[in-house]
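Only heavy atoms go into these numbers, but all of them, side chains included; no hydrogens, no water, no symmetry mates. Remember, it's a predicted structure, so these values are computed and weren't measured experimentally. Throughout, protein chains are lettered first and strands after them, A, B, ... in sequence-line order, and every chain is numbered starting at 1.
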There are 2 protein chains.
Amino acid sequence: MQEESVIEIEEVANILKLLGDKTRLTIVKILDSHDCCVCEFVEMFKTSQPAISQHVRKLKDKGIVKESRRGQWIIYSLNKESEYYPFLQDVLKHLPDQGYRLDELEKQGLRISCCE
Amino acid sequence: MQEESVIEIEEVANILKLLGDKTRLTIVKILDSHDCCVCEFVEMFKTSQPAISQHVRKLKDKGIVKESRRGQWIIYSLNKESEYYPFLQDVLKHLPDQGYRLDELEKQGLRISCCE
DNA sequence: TACTTATATAATAATACACTTATATATCTA
DNA sequence: TAGATATATAAGTGTATTATTATATAAGTA
């Protein structure tokens, strides 16, 4: 009796490797409830902009996230059409909510115009 | 509304990194339905014995698998008492059954005395 | 006890990864 | 159009990871 979403084992390994990084995993968990732009992640993780760009690119290359431009900003969101989306949900449900990170940004006035 | 099994995000990242390797992921999937010894994995993966030993050691270090000695053999099995076990199940259910690997061993007469 | 089988550990080498710095591109604004 | 802001890409570097070879340990067997 198989689950609705069965993926080739090597592909799952690749997805897990991708998610097996604290920064990327947290990005994905956040995107599961709010779309965000790169500048917000840079603030949250206190890391460099290129580092974040490289992380989201890897996620985009696998089709896990998608981007859409809004003016200067590029808004990232989860790609709900991804074949991996059901799998992803089964992983993310085990993670504590990361909403506090956005709340902190808000408090610092850093949740700026780019995303509402 | 949270799932019964919520794990600290950094720990999940570490577990995912651990599972983000084709060999280890397949080992875990197989152990989900049958206990196995190292020699069987060596045959299945056509790799060296030390390579397999090092993989299972990593899984053991995280408490995902446990071992029990039976004569010369060390039988590995999933540790159902692990705090990660429910999480693991949610990952494994997306993987295709690996029973054919054991069937192949059987056919080759390599599923020897160590495990029944 | 000597030999064999099963497994673990250590050292090493090749590769992959994630970060940094520097630079390029794209959009917005004065 | 010039400058500012947001993001991407490229190159380089240090670290982590995985496999290999060699050796150690532990149990079974003649």
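- One interatomic measurement links the two molecules: CH2 of A:Trp73 to C1' of C:dC28, which rounds to 8 Å at whole-angstrom precision.
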Base contacts versus sugar-phosphate-only contacts with protein, heavy atoms under 4.0 Å: please encode nucleotides 20-26 of chain C as B, S and - from 5' to 3'. BBB---S
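- A:Ile52 has its CD1 atom 11 Å from the P atom of D:dA8, to the nearest Å.
- Among residues two or more places apart in sequence or in another chain, the ring-ring contact (aromatic ring centres under 6.0 Å, His included) test is passed with B:Phe41 by none.
- When the P atom of D:dT5 is taken as reference, atom CD of A:Glu43 falls 14 Å away, rounded to whole Å.
- Of the candidates C:dC17, C:dA18, D:dT7, the closest approach to any side-chain atom of A:Tyr76 belongs to D:dT7.
- Within the structure, a side-chain polar atom (N or O) of B:His55 is placed less than 4.0 Å from OP1 or OP2 of D:dA19.
- Taking atom CG of residue B:Asp61 and atom C1' of nucleotide C:dT9, one finds them 12 Å apart after rounding to whole Å.
- As rounded to whole Å, 15 Å separates atom C1' of D:dT18 from atom CZ of B:Phe45.
- The distance between atom CZ of A:Arg24 and atom P of C:dC19, rounded to the nearest whole Å, is 8 Å.
- Taking the side chain as every heavy atom from C-beta outward, A:Gln89 and A:Leu78 approach each other to under 4.5 Å.
- Between C:dT9 and B:Arg57, a contact under 4.0 Å exists linking OP1 or OP2 to a side-chain N or O.
- The CZ-C1' distance, from B:Phe41 to C:dA8, rounds to 16 Å in whole Å.
- A:Ile30 is not listed as a side-chain neighbour of A:Glu40, based on a closest heavy-atom distance of 4.5 Å or more.
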Worked verdict on B:Val6 versus A:His94 for side-chain contact (heavy atoms from CB on, under 4.5 Å): CA-CA 4 Å; B:Val6 174; A:His94 292 272; 5.9 Å; no
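- Straight-line distance from the NZ atom of A:Lys17 to the C1' atom of C:dA16: 8 Å, rounded to whole Å.
- Using a 4.0 Å heavy-atom criterion, one finds that B:Lys22 contacts no nucleic acid atom at all.
- If you check every strand for non-hydrogen atoms under 4.0 Å, A:Lys58 touches sugar and phosphate atoms only.
- Side-chain contact between A:Lys93 and B:Asp90: present, with at least one pair of heavy atoms (C-beta onward) separated by less than 4.5 Å.
- Screening B:Ile27, B:Asp35, B:Val38, B:Ile52 for a side-chain contact (heavy atoms from CB on, under 4.5 Å) involving B:Tyr76 leaves a single residue, B:Val38.
- Counting only heavy atoms from C-beta outward, the side chains of B:Gln98 and B:Met44 never approach each other to under 4.5 Å.
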